[in-house]
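Each chain gets a letter, A, B and so on, in the order the sequences are listed, and its residues count up from 1.
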2 protein chains.
Amino acid sequence: MDSSATYRFVIADDHPLFRGALKEAVGKLFGTAEVFEAGGFDDLQSLLEREGDMDLVLLDLAMPGVRGFSGLLYLRAQFPGVPVVIVSANEEPGVIRRCMEFGASGFLPKTLGVDVMRGAIRTVLEGGVWTPPDIDLSGGTDAETRDLVGRLSTLTPQQVRVLMMLSEGLLNKQIAYELKVSEATVKAHVSAILQKLGVESRTQAVIAAAKIEAGQWPRPLN
Amino acid sequence: MDSSATYRFVIADDHPLFRGALKEAVGKLFGTAEVFEAGGFDDLQSLLEREGDMDLVLLDLAMPGVRGFSGLLYLRAQFPGVPVVIVSANEEPGVIRRCMEFGASGFLPKTLGVDVMRGAIRTVLEGGVWTPPDIDLSGGTDAETRDLVGRLSTLTPQQVRVLMMLSEGLLNKQIAYELKVSEATVKAHVSAILQKLGVESRTQAVIAAAKIEAGQWPRPLN
DNA sequence: CGCCGCATCATCCTTAAGTCGAATGCGACC
DNA sequence: GGTCGCATTCGACTTAAGGATGATGCGGCG
């Protein structure tokens, strides 16, 4: 089998209908494409662990089990070699920009036409990056947030995992158990995270992380 | 001077124009009313400390120095005797409901007519509670959040202050310094907070508190 | 007045958190 | 191959966090 011709995709979206449609659309792009589906973040995770390298993951930002960008950040950390294209109903420039900053290879608004999507996916498969045209990717975010995003992207895969568990309020001991390492190791990771984020305690770290997730959308509360 | 006839108000809003208009509107309600203004939360705070009992505070939810409901919660904790009426551009039922749960005496959407506002303020001054008509105050919020709101409202004034400082990532030592009490006292408060919120660590406490502030508005991010 | 809730503080103890130094392993680069 | 950097791992040590107990003062309330 010619491996260069057989692409392997994952479509991760909690909406089965949309998943199916997307599968149809991209499946016909290449005759020999192998398309996997994941309905939740856990599915996606075990799929990637089981199946090994993928050529592309199409990820819905609003998947069950993920709040916002964490999923993307986590994926990029855990499987640095797998390109991720975000598929989202939201097309605010700020969201798109943030996704690209977190290492996405592309951003597909769900409102896009099938033909455009195909072109975009082709671009990414060839190693490129695709974002919607007529979108202003520059500026917009406040300096503090931008700084924090930069800091977050310096975290190593394991550190991202630890930070996400910190944000769930877990103890070092619990994190150690989950990751199957010693508590000393977790502490080392936490220390590194604190340094990289420029904060002084785990509590401040989760506050900083929470800011990224919820912080700066056009505030709906007042 | 007849104290029962001289009402003392505070108008707290960061928008000077609106503050002025509101002052005009309520000032003429009673000939002898004394109206104070505050452009920021710190102003409001020092004003209340300096001037003592007020008959009413008109508080904008989106004031500088306050994120969301903390301001209300804090005011109600620090000055339990002063009725607070929220004035907000936002009129989502969820927000209104939350305000009332946190002890507001009324909620005035900024879109309200002057005459209606006057009636509402009169109602509150007579010890009543006023919310916009044709608003569904029941249901809506998920059980978890409602539970948490209930727990938060059992916190004592000082505990609210401590919780807000926890949410800023301060150490017990720093909180002790700010509040001019010993670290032992802070620890006592923290322990009480953890119990009341039903969590096990300061980090989980700030996560819980953050959920209330940003958590469950109709999600704008995707 | 006595009771109770709130706030304050101390002491002792256990556990969690965080820092420091250091070892290992792995991939990149010369 | 050797070396450099980096991620991951870990143990020892220091400091912070949190629980338990007990105690004091103060203001409201039946």
Side-chain angles (χ1 to χ4, degrees), chain A residues 53 73-74 76-81 103 151-209, chain B residues 52-53 73-74 76-82 103 151-209:
Chain A
D53 274 355
L73 191 56
Y74 184 89
R76 290 297 304 160
Q78 182 123 41
F79 310 98
R151 291 169 181 274
L152 275 178
S153 46
T154 70
L155 294 181
T156 69
Q158 194 76 317
Q159 286 165 5
V160 171
R161 283 190 281 275
V162 171
L163 177 56
M164 289 177 66
M165 298 194 205
L166 287 184
S167 297
E168 290 166 4
L170 300 185
L171 301 177
N172 289 339
K173 189 178 300 185
Q174 299 174 295
I175 298 174
Y177 177 80
E178 296 275 343
L179 296 180
K180 303 191 203 314
V181 298
S182 86
E183 194 179 340
T185 303
V186 175
K187 288 183 180 179
H189 285 312
V190 172
S191 288
I193 292 171
L194 298 186
Q195 275 203 304
K196 288 187 178 177
L197 296 192
V199 297
E200 312 220 312
S201 70
R202 66 169 45 216
T203 301
Q204 290 181 2
V206 324
I207 293 170
Chain B
D53 275 355
L73 191 55
Y74 185 88
R76 290 298 301 161
Q78 183 123 42
F79 310 98
V82 181
R151 292 169 181 276
L152 276 178
S153 47
T154 71
L155 294 181
T156 69
Q158 194 75 320
Q159 286 165 5
V160 171
R161 283 190 281 275
V162 172
L163 178 56
M164 289 176 67
M165 298 194 206
L166 287 184
S167 298
E168 290 165 6
L170 300 186
L171 300 176
N172 288 340
K173 192 178 299 186
Q174 297 174 295
I175 297 174
Y177 177 80
E178 295 278 342
L179 296 180
K180 304 191 204 313
V181 299
S182 85
E183 194 179 342
T185 303
V186 176
K187 286 186 179 180
H189 285 312
V190 171
S191 290
I193 292 171
L194 299 186
Q195 275 202 302
K196 287 186 178 177
L197 295 192
V199 297
E200 314 229 315
S201 71
R202 64 169 46 214
T203 301
Q204 290 182 2
V206 324
I207 294 172

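Contact annotation: the side chain of B:Val160 never approaches that of B:Leu152 to less than 4.5 Å [non-hydrogen atoms, C-beta and beyond].
Scanning both residues, A:Ser167 and B:Ile207, for their nearest heavy atoms gives O-CD1, 3.2 Å. Minimum interatomic distance between B:Arg76 and B:Val82 (heavy atoms only, all atoms of both residues): NH1-O, 3.1 Å.
For B:Gln174, the side chain to side chain contact (heavy atoms under 4.5 Å, CB included) criterion is met by B:Leu170, B:Leu171, not counting sequence neighbours. Shown here are the ring pair (Phe, Tyr, Trp, His ring centres under 6.0 Å) partners of B:Tyr74, two or more places apart in sequence or in another chain: B:Phe41. Considering only residues two or more places apart in sequence or on other chains, A:Arg161 meets the salt bridge (charged side-chain N to carboxylate O under 4.0 Å, His left out) condition with none of them. Listed by chain and residue number, B:Ala184, B:Thr185 satisfy the side chain to side chain contact (heavy atoms under 4.5 Å, CB included) test with B:Ser182 (two or more places apart in sequence, or in another chain).
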Quick tally for nucleotides 3-14 of chain C: nucleotides whose base has a protein heavy atom under 4.0 Å get B, sugar-phosphate-only ones S, the rest -, giving ---SSSBB----
Produce a footprint string for nucleotides 20-25 of chain D: one letter per nucleotide, 5' end first; B if the base is under 4.0 Å from any protein heavy atom, S if only the sugar-phosphate is, - if neither. ------
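Between B:Lys173 and D:dA16 there is a side-chain N or O to OP1 or OP2 distance below 4.0 Å. In this structure, A:Asn172 does not reach the C:dA16 phosphate: none of its side-chain N or O atoms is under 4.0 Å from OP1 or OP2.
Taking atom CG of residue B:Leu163 and atom P of nucleotide D:dA17, one finds them 15 Å apart after rounding to whole Å. Across the protein-nucleic acid pair, B:Ile175 atom CD1 and D:dG18 atom C1' stand 13 Å apart, rounded to whole Å. Following rounding to the nearest Å, B:Leu170 (CG) and D:dA16 (C1') show an atom-to-atom distance of 14 Å.
Atoms CG and CD, on B:Leu163 and B:Glu168 in that order, are 10.0 Å from each other to the nearest 0.5 Å. A:Gln204 contributes atom CD, which lies 10.5 Å from atom OG1 of B:Thr203 (distance to the nearest 0.5 angstrom).
For the helix from C:dC1-D:dG30 to C:dC30-D:dG1, the end axes, each set by the C1' atoms of five terminal pairs, are bent relative to each other by 30° (nearest 10°).
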Only pairs under 3.5 Å count here: list side-chain donor-acceptor contacts from residues 188-199 of chain B, not counting sequence neighbours, and write none if there are none.
{"residue": "B:Ser191", "atom": "OG", "partner": "B:Lys187", "partner atom": "O", "Å": "3.2"}
{"residue": "B:Lys196", "atom": "NZ", "partner": "B:Thr154", "partner atom": "O", "Å": "2.9"}
{"residue": "B:Lys196", "atom": "NZ", "partner": "B:Gln159", "partner atom": "OE1", "Å": "3.0"}

Test side-chain contact (heavy atoms from CB on, under 4.5 Å) applied to A:Leu179 and A:Met165, step by step: CA-CA 10 Å; A:Leu179 296 180; A:Met165 298 194 205; 3.4 Å; yes
